[in-house]
> 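Dropping a structure here in structure tokens format, bear with me for questions.
None of the values given here were measured: they were computed from a predicted structure. Indexing begins at 1, ligand by ligand and atom by atom, following the structure's order.
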Amino acid sequence: MSSRPLAPPIEDALGRPLGDLRVSVTDRCNFRCRYCMPREKFGAEHQFLPRAELLSFEELSRLTALLSGQLRKVRLTGGEPLLRKDLPDLVRRLKREAGLPLALTTNGVLLPRFAAELADAGLDRLTVSLDALDEAVFRRVTDADYGVENVLAGLEAAERAGFSRVKINCVVRRGYNESEILPLARHFRGRGHVLRFIEYMDVGATNGWSSADVVSATSIVERIDGELPLEPVERALPTDVASRYRYRDGSGEVGVIASVSQPFCGSCSRLRLSADGKLHTCLFAATGTDVRGPLRRGATDEELFELVQRLWQQRTDRYSELRAQLIMPRRKLEMSYLGG
Ligand code: SAM
Ligand code: SF4
Ligand code: SF4
């Protein structure tokens with residue numbers, strides 16, 4: 001954890017301080033996960049953002065640096081962030097100009113090419129998504145020209161580059177990959193990484209989500225505990241989203257993220273920045289606040305800071321808490337655009 005002194009927190013309308021920034025660096029991806037970018041909706045005709053509309057590295061670092069007093073960490077995501085040209089240069093620049101702990105979420109298949117460069121540029125932490133070890137299940141979920149071995153090779157490259165305690169994220173969707181819960185737990189136990197199972201969420205408007213598709217965190221823990229006994233571990237920070245468990249035999253930890261069944265809106269401190277420079281105060285936001293326009297029209301640091309401050313202070317989002325009552329925004333944004 002960083003020992004930097006934080007500036008006075010900016011609190012939203014429900015008293016939640018701003019604490020984390022998630023930056024989507026591209027809306028493109030080399031996978032077509034069925035639950036995120038289904039090929040029918042993200043096919044050859046899909047219009048991805050043109051390059052000129054993406055925030056430049058200079059713009060991204062400027063924004064991040066001016067919020068650095070408020071932030072505990074920054075996470076780079078996408079789309080697939082390693083598809084953004086010269087991403088290690090952005091990492092180097094963010095570390096130099098914002099000086100914050102920096103994490104990256106990736107599907108892993110480009111890590112053999114980039115892991116060493118990312119470590120050298122100062123990236124602190126890695127999260128790799130992996131929804132199945134079984135080849136057929138993996139391919140059915142990801143719908144791309146890559147196999148499980150490409151992700152595992154990415155993880156090995158990350159280890160060789162010095163990344164330890166890599167988080168492995170698995171989204172569990174009923175009827176697709178519940179059969180993979182135990183194989184994944186068995187595989188990653190004792191390897192020093194932290195496997196985390198995530199409840200499938202109704203992000204965006206293209207994945208045809210139904211609550212019947214959600215496998216609850218409680219039932220995931222029960223399944224694992226039935227074969228590999230678990231005990232709960234205290235959360236390190238109240239804002240941590242994962243409930244943690246350790247294997248009773250000392251072979252490591254596993255986590256569950258109960259985004260649907262036990263929402264954590266009450267402690268949500270995340271601001272999201274889309275690849276084209278829109279700020280979103282919730283993963284389920286229907287609209288964003290443009291920051292690219294002001295940046296490109298010559299706004300001062302003070303003006304940009306005030307824009308973010310005003311936005312955060314007005315924030316009342318608690319979508320997941322309201323989901324149960326079926327209060328949904330009219331049009332939600334895609335995860336690949338907004339960043340997970
Ligand atoms: N492409 C990178 C990856 O897959 O790790 C980064 C972006 S991806 C949108 C970030 C994370 O969001 C991934 O772990 C992915 O599994 C998760 N995700 C995407 N759609 C989701 C959904 N509907 N429910 C829960 N998690 C989801
Ligand atoms: Fe791509 Fe990640 Fe979405 Fe899968 S979850 S389609 S890898 S952005
Ligand atoms: Fe935060 Fe919105 Fe998720 Fe609630 S639903 S935890 S406010 S991102």
Side-chain angles (χ1 to χ4, degrees), residues 12-14 16 18-20 22-39 41-42 75-84 103-111 126-132 138 141-144 146 150-151 154 166-173 176-177 195-210 213-215 239 241 257-260 262-272 274-275 280-286 312 315-324 327-329 332-340:
D12 72 9
L14 301 178
R16 299 167 296 184
L18 169 62
D20 302 289
R22 299 203 151 204
V23 178
S24 173
V25 292
T26 179
D27 60 336
R28 288 165 202 261
C29 192
N30 44 6
F31 281 19
R32 285 292 177 274
C33 301
R34 304 277 333 145
Y35 56 72
C36 180
M37 296 178 74
R39 202 170 280 283
K41 306 270 172 50
F42 293 88
R75 178 171 296 276
L76 301 179
T77 178
E80 172 45 45
L82 294 179
L83 287 181
R84 178 76 188 252
L104 173 84
T105 304
T106 171
N107 63 30
V109 297
L110 294 176
L111 281 174
L126 259 182
T127 299
V128 174
S129 303
L130 179 61
D131 292 339
F138 178 85
V141 173
T142 55
D143 191 17
Y146 294 95
N150 298 108
V151 183
V166 174
K167 288 179 186 156
I168 319 281
N169 277 359
C170 169
V171 175
V172 184
R173 185 176 174 189
Y176 276 76
N177 65 336
L195 177 63
R196 297 157 4 132
F197 293 100
I198 304 175
E199 287 178 354
Y200 174 50
M201 294 184 284
D202 47 337
V203 189
T206 55
N207 68 11
W209 184 89
S210 143
D213 299 332
V214 180
V215 180
T239 48
V241 295
I257 303 184
S259 345
V260 178
Q262 297 159 55
F264 31 80
C265 302
S267 59
C268 180
S269 59
R270 291 179 180 172
L271 178 63
R272 294 178 152 86
S274 68
H280 298 265
T281 54
C282 179
L283 180 55
F284 299 93
W312 192 264
R315 174 184 193 245
T316 56
D317 306 275
R318 49 189 200 95
Y319 177 86
S320 289
E321 285 183 351
L322 299 175
R323 183 194 279 114
I327 299 172
M328 309 256 184
K332 293 175 281 149
L333 298 169
E334 299 308 325
M335 187 86 145
S336 52
Y337 163 78
L338 189 49

> What do we get for Thr127 next to ligand 1 when only non-hydrogen atoms under 4.0 Å count, side chain, backbone, both or neither?
neither

> Could you list the atoms of ligand 3 found under 4.0 angstrom from a heavy atom of Ser320?
5 (S)

> Judging by distance only, is a nitrogen or oxygen of Glu80 under 3.5 angstrom from one on ligand 1?
yes

> Using a 3.5 Å cut-off on N or O atoms only, is Tyr35 in polar contact with ligand 1?
yes

> Among all protein heavy atoms, pick the one closest to atom 7 (S) of ligand 3 and tell me residue, atom and distance.
Asp317 O, 3.6 Å

> Against ligand 2, does Gly79 come closer than 4.0 Å with any heavy atom?
yes

> If you measure from atom 6 (C) of ligand 1 to every heavy atom of Gly108, Ser129, Gly79, which option wins on shortest distance?
Gly79

> Is it true that some N/O/S atom of Cys33, main chain or side chain, lies under 2.8 Å from atom 4 (Fe) of ligand 2?
yes

> Please determine if Arg28 forms a cation-pi arrangement with Phe42, meaning its NZ or CZ atom is less than 6.0 Å from the six-membered ring centre and no more than 45° off the ring axis.
no

> Are the charged groups of Asp202 and Arg323 less than 4.0 angstrom apart, N to O?
yes

> Counting non-hydrogen protein atoms only, what is the nearest one to atom 2 (Fe) of ligand 3? Give residue, atom name and distance.
Cys282 SG, 2.3 Å

> Report, in ascending order of atom number, the atoms of ligand 3 lying under 4.0 Å from any heavy atom of Tyr319.
5 (S)

> Which of the atoms of ligand 3 are close to Arg272, meaning less than 4.0 Å from one of its heavy atoms?
8 (S)

> Quick one: look at Thr105 and ligand 1, take heavy-atom pairs under 4.0 Å, and tell me if it's side chain, backbone, both or neither.
both

> Would you indicate which of Cys268, Cys265, Gly266 comes nearest to atom 1 (Fe) of ligand 3 when only heavy atoms are counted?
Cys268

> Can you tell me how far the SG atom of Cys282 sits from the CG atom of Asp12, to the nearest 0.5 Å?
11.0 Å

> Could you tell me the residue and atom name of the protein heavy atom closest to atom 8 (S) of ligand 3, and the distance to it rounded to 0.1 Å?
Leu283 N, 3.3 Å

> When you measure from atom 8 (S) of ligand 1 to each heavy atom in Cys170, Pro81, Gly78, Ser24, which option holds the nearest one?
Gly78

> Got an N, O or S from Cys36 under 2.8 Å of atom 3 (Fe) of ligand 2?
yes

> Atoms of ligand 3 less than 4.0 Å from Phe284 heavy atoms?
5 (S)

> Hey, is ligand 1 close enough to Asp202 that some N/O pair sits below 3.5 Å?
no

> Any nitrogen or oxygen of Met201 lying under 3.5 Å from a nitrogen or oxygen in ligand 1? Just yes or no.
yes

> Near Asn107, which atoms of ligand 2 are under 4.0 Å from a heavy atom of that residue?
7 (S)

